[in-house]
Amino acid sequence: MKVPTILSVIAKVKYKIFVKFNDRTEGTYDLSQLAGKGVFKVWDEDEIFFQVYINPESGAITWPGELDIDIITVYCAIKNIAVDEYLKTKTDYAAY
């Protein structure tokens, strides 16, 4: 399955990133539900949240310390579709 490629990611305000994908999908993704929890506590240290970048090897949305988030979850949220539905269409398409 071909996952959309991220062209750019910017943290505009705390816990929200603006993401552009290669299929012209773009939008803001809210990560506030993860803030302060588990490994994501690091976002509050030294403004780490604003140091988001695209990992050159994996293409993932990443922060210092190899902290990353799932691309498909972000993509589906921005497109306002369920992850399960997105994956089903990709599986069905790949079967042909």
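Count residues from 1 along the sequence.
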Answer yes if F50 and I10 sit in the same cluster of Ile, Leu, Val, Met, Phe, Trp and Tyr residues linked by side chain heavy atoms under 4.5 Å apart, and no otherwise. no

Exercise: identify the closest heavy-atom pair between C76 and A82: SG-O, 4.2 Å

Kindly say whether K12 contributes a backbone atom to a donor-acceptor pair with the side chain of K16 at under 3.5 angstrom? no

On a heavy-atom basis, the closest approach of G59 and I71 is O-CD1, 3.3 Å

Of all heavy-atom pairs linking Q33 and D30, the shortest is OE1-O, 2.9 Å

So which heavy atom on Q51 is nearest to which on P64, and how close? OE1-CG, 3.3 Å

Between V9 and Y29, does the side chain to side chain contact (heavy atoms under 4.5 Å, CB included) criterion hold? Intermediate values first, please. CA-CA 10 Å; V9 60; Y29 183 68; over 6 Å; no

In Å and rounded to the nearest 0.5 Å, what is the CD1 to CG distance from I81 to L87? 9.0 Å

I would like to know whether Y15 and D44 meet side chain to side chain contact (heavy atoms under 4.5 Å, CB included); could you show each step before the answer? CA-CA 10 Å; Y15 312 130; D44 292 324; 2.3 Å; yes

Value for CD (E26) from OG (S8), rounded to nearest 0.5 Å, stands at 8.0 Å

Same hydrophobic cluster for V52 and V13, using side-chain heavy-atom links shorter than 4.5 Å among ILVMFWY? no

I need the T28 OG1 to F18 CZ distance, nearest 0.5 Å. 5.5 Å

Quick one: does T62's side chain have a donor or acceptor within less than 3.5 Å of a partner on A60's backbone? yes

Within this structure, what is the CD1-CD1 distance for the pair I78 and I17, rounded to the nearest 0.5 Å? 7.0 Å

To the nearest 0.5 Å, how far apart are OG1 in T25 and CD1 in I6? 11.5 Å

Take N55 and E66, measure what side chain to side chain contact (heavy atoms under 4.5 Å, CB included) needs, and give me the verdict at the end. CA-CA 9 Å; N55 182 305; E66 301 297 318; 3.9 Å; yes

Contact check, side chains of I69 and W63, non-hydrogen atoms, under 4.5 Å: yes

Taking the cut-offs as 6.0 angstrom to the six-membered ring centre and 45 degrees off its axis, would you call K14 and F49 a cation-pi pair? no

Closest non-hydrogen atoms of F40 and L34, given as atom of the first, atom of the second and distance, are CB-O, 3.2 Å

Roughly how far, to the nearest 0.5 Å, is the CZ atom of R24 from the CG atom of L7? 11.0 Å

Decide if atom CD of E57 counts as having more than 12 heavy atoms of other residues, nucleotides or ligands within a radius under 6.0 Å. no

Return yes when atom CG of N22 has more than 12 non-hydrogen atoms of other residues, nucleotides or ligands closer than 6.0 Å, and no otherwise. yes

Going hydrophobic residue to hydrophobic residue with side-chain gaps under 4.5 angstrom, can you get from W43 over to Y53? no

